[in-house]
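Since the structure comes first, as structure tokens, the remarks are kept for the end.
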Number of protein chains: 2
Amino acid sequence: MAIATRDLFLDLDRSSPVPLYFQLAERLRAAIEGGVLEPGARIENEVALAAQIGMSRPTVRRAIQELVDQGLLVRRRGVGTQVVRGRFAREVQLSSLHDDLVRGNREPSTRVLEYRVVAADAELAAQLGVEPGTELLSLERLRSADGVPIGHLRNHLAPEYSDIPREALERFGLYQLLRGRGASMRVAKQSIGARAASAREAELLETEVGAPLLTMSRSLYDDTGRAVEYGSHCYRPDLYSFEVTLVEK
Amino acid sequence: MAIATRDLFLDLDRSSPVPLYFQLAERLRAAIEGGVLEPGARIENEVALAAQIGMSRPTVRRAIQELVDQGLLVRRRGVGTQVVRGRFAREVQLSSLHDDLVRGNREPSTRVLEYRVVAADAELAAQLGVEPGTELLSLERLRSADGVPIGHLRNHLAPEYSDIPREALERFGLYQLLRGRGASMRVAKQSIGARAASAREAELLETEVGAPLLTMSRSLYDDTGRAVEYGSHCYRPDLYSFEVTLVEK
DNA sequence: TAGTGGTCTAGACCACGGG
DNA sequence: CCGTGGTCTAGACCACTAG
């Protein structure tokens, strides 16, 4: 039996700049995360839901699809749509470690270890999709949370961002600064691995030489498809990990 | 100036069971990966493309959206759609290590180290969304590629899959066996981290005690939202890493 | 102002799963 | 057989960007 959802959608605002499908998706999400729709519960079919709410079926469908993509709902043709059982994972966003820490109510701080302009070698040029020899701002930072070192961050920034002042990097997250300079970041391609800490990394991260580190290298592109930065980071695995949700299509 | 794409879409098959939007997306992908559409190239606008191909705009739009979601294209309202610059990352699928190795033309082999039924404790029950005490098949396997140990895999399977024979696990990937039993897996929630190898892990993986290992724990759900398995794996980081593409919405 | 992607409608037909 | 989600159409209006 499908759950009655009539009362959940009374306050949709058609004059709002927020899309209808998004408003509906957020209400469904709240119902799921708030326990109104329990794990395993079936929601009403798309046609009936559209009629009840007074929206077209494609709009309702898109709202549901958002939650399917995020792993909160599963659909079966000919059967129906249900809430996934089990725990909910916080969705991975395209955000910086700095922002992650702030969201987790931890106090981030940053020490800039290196700040200089370099010419892109072949490897960097390929990662970023720029010409070899292009001038990039090379950064090396140590990021701490509540005074404890958590990550060693190396970044190379595209030329248009190479005027970010060193002092700003001590106080703000890199993504925050990039956004403030008009970058609209869209696509990140990451590779996650592990390796042993070097002597320098061990000293910076206050751990032992050879201790396991979680590594992440990332190429970041903006909404024009141009490279914004290439980053090569390592983290203390006792203080940081990556959460990923995969949905089979 | 937008790239002419007229000739790319002459062989679309409207009678095929493969959806039109998917056929179109695959042709676009081939054009991008084959270099016909170069990094940074703009493709024609959705309305013109639809008219040329003889499809409706929503269908064309959906095809483009597929590639946007996969990080191959970027769109800007009022401007247009462009090919992302930089390297293309192979998309992460919901697949097993076994399948990954086969795809990479490597020879996987598996040693089953443990095979027994256990009762779910509170932690496992929460991860899988089942009642505590539910009987689960507990597995411990060593996966090698071309004879070199690459990962130590611990899994707990939901009751309906606990009759998978031990011998099958030596010869096939777990996902392959689950699919063969009718499981249609949909959602995986993974956490990726790192830690030091224990004495046993070091021996199994032919590395040193304390050597860095890449870890991944995963809850897997099927298309009814029910739990299929919980896995807790570790890998030799010199032989395996995770590739992730994130797209900001 | 012209051109683009973003949203939304109101239908239609089909494929699949279950009874 | 019926109910469900999956696909597709042919429009419409709007918001944003660039010149």
Worksheet item: OP1 or OP2 of C:dT7 less than 4.0 angstrom from a side-chain nitrogen or oxygen of A:Arg61, does that happen here?
Response: no
Worksheet item: Within the structure shown, what part of the strands sits under 4.0 Å from A:Pro19 by heavy-atom distance: base, sugar-phosphate, or nothing?
Response: sugar-phosphate
Item to complete: Would you tell me whether B:Asp223 and B:Ser184 have side-chain atoms, one donor and one acceptor, within less than 3.5 Å of each other?
Response: yes
Fill in: DNA chain D stem ranges, 3 or more consecutive Watson-Crick or G-U pairs under 3.5 angstrom
C:1-18 with D:1-18
Discussion item. With a cut-off of less than 4.0 Å, is there a side-chain N or O of A:Asn45 near OP1 or OP2 of D:dT4?
Written reply: yes
Worksheet item: Can A:Lys189 be said to sit on top of A:Tyr230's aromatic six-ring, NZ or CZ under 6.0 Å from centre and within 45° of the ring axis?
Response: no
Worksheet item: Rounded to whole angstroms, how far apart are CG on B:Leu12 and P on D:dC8?
Response: 11 Å
Fill in: Cationic N near anionic O, under 4.0 Å, B:Glu66 to B:Arg61
no
Discussion item. Checking salt bridge (Lys or Arg N to Asp or Glu O under 4.0 Å) between A:Glu46 and each of A:Arg62, A:Arg57, A:Arg77, which is the one that passes?
Written reply: A:Arg57
Item to complete: Check whether any side-chain N or O of A:Glu229 sits under 3.5 Å from a backbone N or O of A:His156 as a donor-acceptor pair, and report yes or no.
Response: no
Response to the item:
From CD of A:Glu66 across to C1' of C:dT7 the rounded distance in Å is 13 Å
Worksheet item: In whole angstroms, how far is the P atom of C:dT9 from the CG atom of A:Leu49?
Response: 13 Å
Worksheet item: Below 4.0 angstrom from OP1 or OP2 of C:dC8, is there any side-chain N or O of A:Arg62?
Response: no
Item to complete: Give the rounded distance in Å between these two atoms: CD of B:Glu46 and P of D:dA12.
Response: 17 Å
Worksheet item: For residues A:Gln70 and A:Arg29, is any side-chain donor paired with an opposing acceptor at under 3.5 Å?
Response: yes
Worksheet, complete the sentence: From CG of A:Leu73 across to C1' of D:dG5 the rounded distance in Å is 13 Å
Practice prompt. Give one of base, sugar-phosphate or nothing for B:Arg76, where a contact means two heavy atoms less than 4.0 Å apart.
Written response: sugar-phosphate
Discussion item. Please confirm whether the shortest side-chain N or O distance from B:Ser56 to OP1 or OP2 of D:dG11 is below 4.0 Å.
Written reply: no
Item to complete: Rounded off to whole Å, could you give me the OH-to-P distance for the B:Tyr21 and C:dC14 pair?
Response: 18 Å
Item to complete: Check the distance between C:dA12's P and B:Met55's CE and give it to me in whole angstrom.
Response: 23 Å
Practice prompt. Look at A:Thr81 and D:dT4 and indicate whether a side-chain polar atom (N or O) is within less than 4.0 Å of OP1 or OP2.
Written response: no
Item to complete: Quickly work out the B:Arg77 CZ to D:dC16 P distance and round it to whole Å.
Response: 6 Å
Discussion item. Among A:Leu12, A:Leu20, A:Thr59, which residue satisfies the side chain to side chain contact (heavy atoms under 4.5 Å, CB included) criterion with A:Ile53?
Written reply: A:Leu12
Worksheet item: Does any donor-acceptor pair link the side chain of A:Arg57 with the base of D:dG6 at a separation under 3.5 Å?
Response: yes
